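Right, one structure below, let's go through it.
All values derive from a computational prediction rather than experimental measurement. We count ligands from 1, going down the list as the structure has it; atoms in each ligand are counted the same way. Here, residue 1 is the first one in the sequence, and each next residue gets the next number.
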Amino acid sequence: MAEGWTRRQLLAQATIAAAVYTLDPHELCCGVNAYAQTASAESFELKKVGDGVWAAVAAARYKVNSNAAVIETNDGLVIVDTHSKPSAAQSLYKDIQGVSKKPVKKVINTHFHWDHWQGNQVYAQGNPGLEIIASERTKARMTDPNQTNGGVAFIEKQVASMPAEIDKIKSDIQKAPDAETKARLERNLAQAEGYLAELKTMKPPVPTRTVSNAVTLKEGGREIQLLLLGRAHTDGDLFIYLPKEKVVATGDAVIDWMPFFNDGYPEDWIQTVAAIEKLDVNQVIVGHGDPAPKSHLTYFRGYLTDLIGAVKKASADKMPLDDMKKKIAEDLAPKYEKPMSKYPLGRYRDRIDANVDQVYNKTVKKS
Ligand SMILES: [Zn+2]
Ligand SMILES: [Zn+2]
């Protein structure tokens, strides 16, 4: 797994190097110099999942970036999700220009989380008249002054909280037990400092168009369906479905890591994934991790179902929460630990306790 990741990173870096070499930087949209220092550290791997359709798979890094979907039409490009910061979007934009130099007509944000939309400005600055689309709920959350985990106000909150996070990494470096840990923490520190610098100046534009029901775009000869299938990872998850190519982009409603429940609706989530499974799809562009076959939808729904079932059963048996965490982690491990620990982030053991906690809070304690 670790070796596989390294190989993938190397490939992605080689792709970027090739793209940078063949491009005139003046063709790029914006701010290339401002982001140059950190842009080179980002990496995406463009994987073709259909004719003119790519999954841009983000390298797993301390400061997480989402995947993107890149859809080419007869007259332009549609990009799904823009990562955590302008330099990441800039880096992917360079890669994209290696496969198509058409203008970006539309950006779609799958949900409001910081790692999926904070690079919007890169595409907006380079493409006058760009339409940015999200669900109505997602835009409402992006513009809610009290929202956590994403949105305009959350950028300021991160600017305020990052110095403490940076101090913590510095202190962990002092206490690092070995050279490998120290080197990893030093890489994290560089990412955290670069991220804070970008947070201070980023101004991602919010969506210019919202949808509250399913919409079919006839975009430059290509059919793109925007589907609201129910609450899942958030209450505004938008699914991007290409019926001809049999591809769906899910945002974080389906990922190849362990799910993140903080803004999620556990029981609704099962139904929503079941609704995606009803679509005629061959390839799933997930929010984090490699594109997956349709069978991953069933597997991922299986995890949600087993986890929620286990929490409810243990609660009915009056098991204390700490015991519940230990028992469920062990009970579900044979089926889920290995497949849910493929990447350096979002692994089974990293998240299972928090998953049990959140599902308990949202499905048992509340009712
Ligand atoms: Zn995400
Ligand atoms: Zn998310």
Side-chain angles (χ1 to χ4, degrees), residues 42-45 55-70 79-89 91-92 107-120 133-135 137-142 144 147-155 157-158 191 195 199 202 204 206-207 228-240 248-266 268-269 272-273 276 284-292 296-297 300 303-304 340 342-347 350-351 354-355 358-359 362:
E42 304 302 331
S43 61
F44 292 87
E45 185 179 5
V57 182
R61 291 163 57 76
Y62 168 72
K63 278 296 163 193
V64 171
N65 283 309
S66 66
N67 290 340
V70 179
I79 313 290
V80 179
D81 282 342
T82 64
H83 328 298
S84 64
K85 54 190 172 182
S87 65
S91 174
L92 175 59
V107 159
I108 302 168
N109 294 132
T110 57
H111 63 295
F112 71 91
H113 282 160
W114 62 278
D115 57 316
H116 291 255
W117 83 286
Q118 288 183 172
N120 276 5
I133 306 174
S135 71
R137 282 304 304 151
T138 288
K139 184 171 181 180
R141 288 192 178 276
M142 281 179 180
D144 178 347
Q147 185 63 53
T148 55
N149 295 328
V152 174
F154 188 64
I155 293 171
K157 288 181 192 142
Q158 291 174 91
Q191 285 180 50
Y195 182 62
L199 278 172
M202 71 169 67
V206 297
L228 289 138
L229 299 172
R231 300 189 299 187
H233 176 67
T234 71
D235 61 1
D237 295 350
L238 192 61
F239 299 89
I240 295 82
V248 66
T250 61
D252 289 350
V254 182
I255 58 178
D256 201 20
W257 301 357
M258 287 283 275
F260 176 71
F261 279 95
N262 286 48
D263 301 302
Y265 296 82
D268 296 33
W269 199 334
T272 302
V273 177
I276 314 170
V284 184
I285 301 176
V286 297
H288 299 278
D290 284 328
H296 183 65
L297 298 172
F300 189 85
Y303 173 70
L304 300 174
M340 293 285 217
K342 288 184 203 140
Y343 308 92
L345 294 170
R347 292 178 169 201
D350 299 339
R351 289 199 174 172
N355 276 193
Q358 290 284 1
V359 168
K362 287 167 186 269

_Side chain proximity check, Val70 to Phe44, heavy atoms < 4.5 angstrom_ = no
*Do Asn262 and Asn149 get their side chains close enough for a donor-acceptor pair, meaning under 3.5 Å?*
no
_Among residues at least two apart in sequence or on other chains, which ones pass side-chain contact (heavy atoms from CB on, under 4.5 Å) with Ser84?_
Asn65, Trp114, Asp115, Tyr195
_So, applying side chain to side chain contact (heavy atoms under 4.5 Å, CB included) with Asp263, which one of His113, Arg231, Gln358, His233 is it?_
His113
*asked:* Is it the case that the side chains of His116 and Asp81 hold a donor-acceptor pair, with the cut-off being a distance below 3.5 Å and no angle test?
replied: yes
*Please list, in chain and residue-number order, the protein N/O/S atoms closer than 2.8 Å to the Zn ion (ligand 2).*
His111 NE2, His113 ND1, His233 NE2, Asp252 OD2
*asked:* Less than 3.5 Å apart, any donor N or O on the side chain of Asn120 or Thr82 sitting next to an acceptor on the other?
replied: yes
